[in-house]
Asker: 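Encoded as structure tokens, here's the structure I'll be asking about.
None of the values given here were measured: they were computed from a predicted structure.
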Amino acid sequence: MSALNTPRSYGSVTKTFHWLTVLLILTAIPLGIIANGLPYDTSEALAFKAFLFSMHKTVGVTAFFVALARIAWAISQPKPAGLHPERKAESFLAELVHWLLYGSLVLVPLTGWIHHASTAGFAPIWWPFGQNLPMVPKSEALAGLTAGLHIVFERVLVISIALHVVGALKHHFIDKDDTLRRMLPGRTEAGTPHKANKLAPFGAALIAWAAAIAVGSTLGLYKSHDASVARAALAEVQSEWQVQSGTLALSITQFGSQVTGSFEDWTADITYAPRNTAGSHGSVRAVVSIGSLTLGSVTAQALGPDFFDAANHETAVFSAELLNEPDGYIAAGTLRIRGAEMPVSMPFDLSIEENTAHMSGLLLLDRRDFGIGDNMPDESSLAFEVRVVIELTALRSE
């Protein structure tokens, strides 16, 4: 059998692309559905869920590149003519479904890949080329948008596949023609070449995609991935040093990969009098709104009852003396998270120019000390160590 198409038959390359695509789709879609419905309340359950999602993503990325190669090959080859050009409506619908299939085979994995790259954490793609995409930022809004589009385009793909299969079976069992046989192994030639209108079906496919996107918007599928947990309203702080800018970043290790997020809402009441002598130079009391945490794809899990339990413990409080020790600056005090209070010590760097102070510090915590993730008693899925990085710029009040 020839590798190339003819105006009356499909070649072996086109058939290989067709059935390979079928295999990838029939693998990726069930994997995604099953993985999405699985619980993740234990280390073992989370590991299995992540395994299935990684398989789903890896198969999806493979399908994306296969689709691109298939489209490139299709452009270079003649498309065998339809067997019933006199059936205008049927020919139009068949061409429309083909446009929807080709487009969806690119759009479904692409939106899934962008969603993966725009968030952090959870199940990685199994390949050596990294988890990010050029020009795709880490963004909860973008992650929400592309997750919704992924669902919408997947529905279009499923409907298109169903119509494609129904059409093929109709041709085979009702019309009893060679439409299906032309895509099976062996060489089957059928049909008479004729001019077909492809522009109108392509336009109809664009309208179908636009309508599907509009339906997704109506259903609220494009919302940001920010977790829907109420944020604690923090009281305004009148401090000797007023924080002008800063970040409170959190970093965990999940399945061997670092996942970084941050708390958006926090306040700091700082007193500090620089001196050349050792000892206490001031104090700090920081209050953090737990519900303001974003932590990539695991935000909702992190805020849930097994971890920060933001619904019942709205704030964390860090109270410490600011010490100037021979080895450098140290904030020594206590940290209270979800009702558990532990002594902590955080080394930090400090520079002061006139009335402006720049501070950066690193606090290493063990999540077990605060009862966080007790349902994951080992580090196979979630490491014990949590890194908290604090950076801020503050002005001394006049």
Asker: Looking at every non-hydrogen atom in both residues, tell me the closest pair between S43 and D378 and how far apart they are.
Answerer: OG-OD1, 4.2 Å
Asker: Minimum heavy-atom separation for A123 to K57, with atom names?
Answerer: O-NZ, 2.8 Å
Asker: With sequence neighbours left out, which residue pairs that include part of residues 242-264 fulfil the salt bridge (charged side-chain N to carboxylate O under 4.0 Å, His left out) condition?
Answerer: R231-E264
Asker: Look at the rings of Y272 and H281 and say which category their plane angle falls in: under 30° parallel, 30 to 60° tilted, over 60° perpendicular.
Answerer: tilted
Asker: Can you name the nearest heavy-atom pair linking L46 to Y40, along with the distance?
Answerer: CD1-CB, 3.7 Å
Asker: Given 3.5 Å as the limit, does a donor-acceptor pair link the side chain of Y102 with the main chain of A67, or not?
Answerer: no
Asker: Working note: K79 + E95, criterion salt bridge (charged side-chain N to carboxylate O under 4.0 Å, His left out); need CA distance, chi angles, decisive distance, verdict.
Answerer: CA-CA 11 Å; K79 182 179 179 180; E95 198 65 31; 3.3 Å; yes
Asker: side-chain contact (heavy atoms from CB on, under 4.5 Å) with Y10: which of T188, N5, L4?
Answerer: N5
Asker: Output yes when a side-chain donor or acceptor of R338 lies under 3.5 Å from a complementary backbone atom of F307, and no otherwise.
Answerer: yes
Asker: Which heavy atom in V237 sits nearest to a heavy atom in A268, and how many Å separate them?
Answerer: CG1-O, 3.9 Å
Asker: Between K88 and E90, does at least one N-O distance fall below 4.0 Å, as a salt bridge requires?
Answerer: no
Asker: Can S251 and Q258 be counted as having a side-chain donor-acceptor contact under 3.5 angstrom?
Answerer: yes
Asker: What pairs meet the side-chain hydrogen bond (donor to acceptor under 3.5 Å, both in side chains) rule with one or both residues in residues 310-322, with sequence neighbours excluded?
Answerer: S280-E321, D309-N312
Asker: How are the rings of F51 and W126 set to each other: parallel, tilted or perpendicular (split at 30° and 60°)?
Answerer: tilted
Asker: Answer yes or no for R70 and F17: cation-pi contact, defined as NZ/CZ to six-membered ring centre under 6.0 Å and angle to ring axis within 45°.
Answerer: no
Asker: For a side-chain contact (heavy atoms from CB on, under 4.5 Å) check, start with the C-alpha distance between E140 and T119, then their side-chain angles and the critical distance, and finish with the verdict.
Answerer: CA-CA 7 Å; E140 297 302 308; T119 188; 4.0 Å; yes
Asker: Return yes if some donor-acceptor pair links the side-chain N/O of S397 with the main-chain N/O of W241 below 3.5 Å, else return no.
Answerer: no
Asker: Looking just at side-chain N and O atoms, do H84 and D177 make a donor-acceptor pair shorter than 3.5 Å?
Answerer: yes
Asker: State, to 0.1 Å, how close L142 and S139 come at their nearest heavy-atom pair, and which atoms those are.
Answerer: N-OG, 3.0 Å
Asker: Testing the 3.5 Å rule here: is there a donor-acceptor pair between the side chains of T271 and S283?
Answerer: yes
